[in-house]
Every structure is written in structure tokens, then in C-alpha cells.
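Here is the structure we will look at, set down as C-alpha cells.
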2 protein chains.
Amino acid sequence: MNLTPNLTSFVMHFGEMGSRWGFNRTVGQMYALLVISAEPLTANELAETLNISRGNVSMGLKELQSWQLVQVSHLPGDRKDYFRAIGSIWDMAKRVIEERRKREIDPTLSLLRDMLLDKPASAQEKHAQQRLQEIHDLLESVTNWTNELQRLSPDNLSTLLKLSSGVGKVLDMKDKFIGKEERKKNR
Amino acid sequence: MNLTPNLTSFVMHFGEMGSRWGFNRTVGQMYALLVISAEPLTANELAETLNISRGNVSMGLKELQSWQLVQVSHLPGDRKDYFRAIGSIWDMAKRVIEERRKREIDPTLSLLRDMLLDKPASAQEKHAQQRLQEIHDLLESVTNWTNELQRLSPDNLSTLLKLSSGVGKVLDMKDKFIGKEERKKNR
DNA sequence: TATAATTTTCAGAAATTACTGAAACTTCAA
DNA sequence: TTGAAGTTTCAGTAATTTCTGAAAATTATA
């Protein structure tokens, strides 16, 4: 496949950014290419377009599949695997959030849980545990949020994202809202 | 400084995770140590406790300062620099969000903006631009959110996080709130 | 101004991570 | 079965990143 210079520079940029997003350069390039391509691509097309080895493409696709960011499909009467980026932009966002949570938060959260079960054995540990508790609570909240996000429909997710500038407003509102609900309950 | 085995394992774990969070192993260890330490530490204490070279500590501290995650302080009559992790857990969370946005989103967003200014020159580019537009919009929303988060007081940030199981609730609130505002306007 | 205390820099070594390409494997069709 | 079409694996190499430690720079004190 031949890319216009513009698209090439996007693909390359995405490769550079890839490392900041948790996968390596070529995996980033492969994903960018799949995202902008109108048609599914074969592993060979990826290798040729990006000038990387066939073996590397195979490994990269495995990685992208583990992120659940690409899908394989087939054409009747053609044995080759065709790859495409999964669904909508919202699906991608959800997957990235989910995967990063698994990799960046879960392991730490589970270690923190264990550590907090131990009684602090010294003044040093006592102070440390306080900080660890705070970190634990924060990470747990973040985890809850991401779980909740997974459940949202694309529509609601979109609404929520666009709400940004109103977070403050909504929070102020929350007091009134909760207040009202509480009053109802206690009536 | 001598750490208990428990704390040592936390510090080491944080080092391993460090690479997933955007800094390297020793920087992660250094930060973990500063976070759990009740007292500010000198560069030499860090180097000794973690068994890494003095030079490495110097570079690592520079990195942590660029993330604005540590502060230097001094003791009267002592020329050494003492380092401590900045403020509260909320401050840390904000810094991390802010820095990651700068590193992981801003550059891509700015490239996407440029690309979307060009008229698509081919069918290929036309299709690609549609996807790029979607990505652009998503990243822009995320950026708006993080900006908004920066502005939130620790109190509100905490409330927002704990609201987790109520992302749905946030949306409900928004509807009622907006609805009320609209009704007011139209009255 | 000299010197002692401390921090920073940076060239090269060490460690880690990514990539290639040839061989092994799988799958299907004849 | 055989072999053609395709994919995966992995040992070895290349590229990148991290770390060390000695030298240079900085800063305070006498």
C-alpha cells in the first residue's frame, strides 16, 4: 500500500508516541495504519508499507490482539488473514483505558491491599502505611471509575466527555441534588 | 536509611511499575521512597538506600522535579539538599495527569489539528481524515477534562472520584440540572 | 582567594528491548 | 500424502535506554 506523505507522517508520529502509550514503535505504526485504512490489511501489506520484517508484524499483531484493538477477518476463497482496527473510536478508547488499568494499576492495587493487611511493625511503617492507604484509596476509586466507564453506552460516554467544562457545575449541583434526595428519604 | 522488608518490596514494586508510568525503574524507586518517608531525604541517602550511583540519583531527581513531584528543602547550617514528595495525594494525582497529558496527548493533538487543516487529496485521505477527526475530537475532550480536573479543589476531586459508582448519577444530575436551567431560561 | 562540601554532567559500560530472517509449524486443497 | 500458501517462533543482532563513576562545576565558608 502506498501512503500520501501526510498519512505517512501521521503513521510515523503514532509510532513515536506508541512508546508513551505502552507499546513499541512498530506496533504503534501498525495500529495507526490499520485505523486510517478503509480496507482490512494483510500482514504482508503491513510489513511492506512500513518496511519492517514479516516476523515483527506477526509479533506486533499478537500484541494488538492482546489489547483487543484489532480483529482478524477472512475473504471467501482466500486463506490470508485480514486485519482491521476494531469498531468505533469509543471502543478503542474503552480498550485502551481497560488495558492500561490492568497493566498500570491492578498490580499495584493488589500489592497495596496485601501490605495494608499487615499491622505496622515500626514507627516508620506506621507513617508509610498512612500514605499507602491514601494511594490505595485513590487507585481504588480510579478502578471503580474505569469499570463504570466500561458499562457506558457510546452515547453516554460521549455525553460524559463533552460535559467536561461542567464538572464543576455538576459537583456544585450534586450538593443540592443529594441534599434533596436525603430530605425526601428523611421525610 | 534502613527499610523493613515490606517497605523494600513496595519500593521495588514501584520501581518495576515506574516504566509503565513513564519513568524508569530507579526514578520510580526514588519516588516511592520519598513518598513513604516521614522525613525529607538527601541525595546520598537515596543512593545508599537504593544501592544506585550518586550520578543516577542526581538525574532521577531532575526528572522528578520536571514532573513537579518533589520539592527541595534545606536545614539551617546544612548545605545539603533535602528532598520530599510534594503535598497531598491529590496533588500527586493532578501532577501525574497533567504531565502525562502533556507527553501523551498534546503532541498528537497538535499534529492532528494540522492534518485536519489540509483538504483531503485522495479517496484514501478522505477516509483517513474522518477517523482522524474522531480521534481529534476524543483527545480534545480528554484534554478539556484534565484541564477541568486541575481546577477542582481536593475536596471536589475527592467527591468526584468517590462518585464512581454513579457515573450514571452524574449524567442524571446533569440532565436535571441542565433541564432546570433550560426551564428557567424559557420561563 | 583557597578549599571543602556538595551537586551535576557526561562518556562509556551494562542492561534491556526491539527487530530480523530463516526455520518450524499449520492449514488447506488436490 | 504432498506441497503450496500462509503464519509463528526464536536465536542472534541491532538499537535504545539506563546506569556508573570520575571529572567538572557550583556554592558556601574561612
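What you see is a predicted model, and the numbers here were worked out from it, not measured in a lab. Here is the naming used below: chain letters follow the sequence lines, and residue numbers restart at 1 for every chain.
When hydrophobic residues (I, L, V, M, F, W, Y) are linked wherever their side-chain heavy atoms come within less than 4.5 Å, the members clustered with B/Y82 are B/L75.
The side-chain tip of A/R103 does not point at the ring of B/W21 from less than 6.0 angstrom away and within 45° of straight on.
Residue pairs satisfying the salt bridge (Lys or Arg N to Asp or Glu O under 4.0 Å) criterion with at least one member in residues 68-79 of chain A, sequence neighbours excluded, are listed as follows: A/D78-A/K80.
Regarding contacts with the backbone of D/dT9, a side-chain N or O of A/K62 is found under 4.0 angstrom from either OP1 or OP2.
A/D81 places its CG atom 11 Å from the P atom of C/dC28, with the value rounded to the nearest Å. Rounded to an integer number of Å, the gap from B/L61 CG to C/dT9 C1' is 15 Å. Atoms NE2 (A/H74) and C1' (D/dA5) sit 13 Å apart, rounded to a whole Å. Per the geometry, CG belonging to A/L50 stands 11 Å off P belonging to C/dC19, to the nearest Å. One can place CD of A/E63 at 14 Å from P of D/dT8, the figure rounded to the nearest angstrom. Computed from coordinates, the A/Y82 OH to D/dG6 C1' distance equals 12 Å when rounded to whole Å. One atom, CG of B/N44, and another, P of C/dT8, lie 11 Å apart when rounded to the nearest Å. Taking atom CD on B/E45 and atom P on C/dT6, their separation rounds to 12 Å, with Å as the unit.
Partners of A/L111 according to the side chain to side chain contact (heavy atoms under 4.5 Å, CB included) rule, which considers only residues two or more places apart in sequence or in another chain, are A/M115, B/F10, B/H13. Under the side chain to side chain contact (heavy atoms under 4.5 Å, CB included) criterion, B/T4 pairs with A/S122, A/Q124, A/E125, B/N6, B/L7, sequence neighbours left out. In this view, A/S110 satisfies the side chain to side chain contact (heavy atoms under 4.5 Å, CB included) rule with no residue, not counting sequence neighbours. Residues passing the side chain to side chain contact (heavy atoms under 4.5 Å, CB included) test with B/Q68, sequence neighbours excluded: B/R95, B/E99.
Judged purely by distance below 3.5 Å, without hydrogens or angles, the side chains of B/D137 and B/Q133 pair a donor atom with an acceptor atom.
Remark on the helix from C/dT1-D/dA30 to C/dA30-D/dT1: inter-end axis angle 10°, axes from five-pair C1' superpositions, rounded to 10°.
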For each nucleotide in nucleotides 17-30 of chain D, reading 5' to 3', give B when a protein heavy atom comes within less than 4.0 Å of its base, S when such contact involves only the sugar-phosphate, and - otherwise. -SSBB-----BB--
Show which side-chain atoms of residues 24-35 of chain B pair as donor or acceptor with protein atoms under 3.5 Å away, not counting sequence neighbours.
residue : atom : partner : partner atom : Å
B/N24   : OD1  : B/T26   : N            : 3.3
B/N24   : OD1  : B/T26   : OG1          : 3.1
B/N24   : OD1  : B/V27   : N            : 3.1

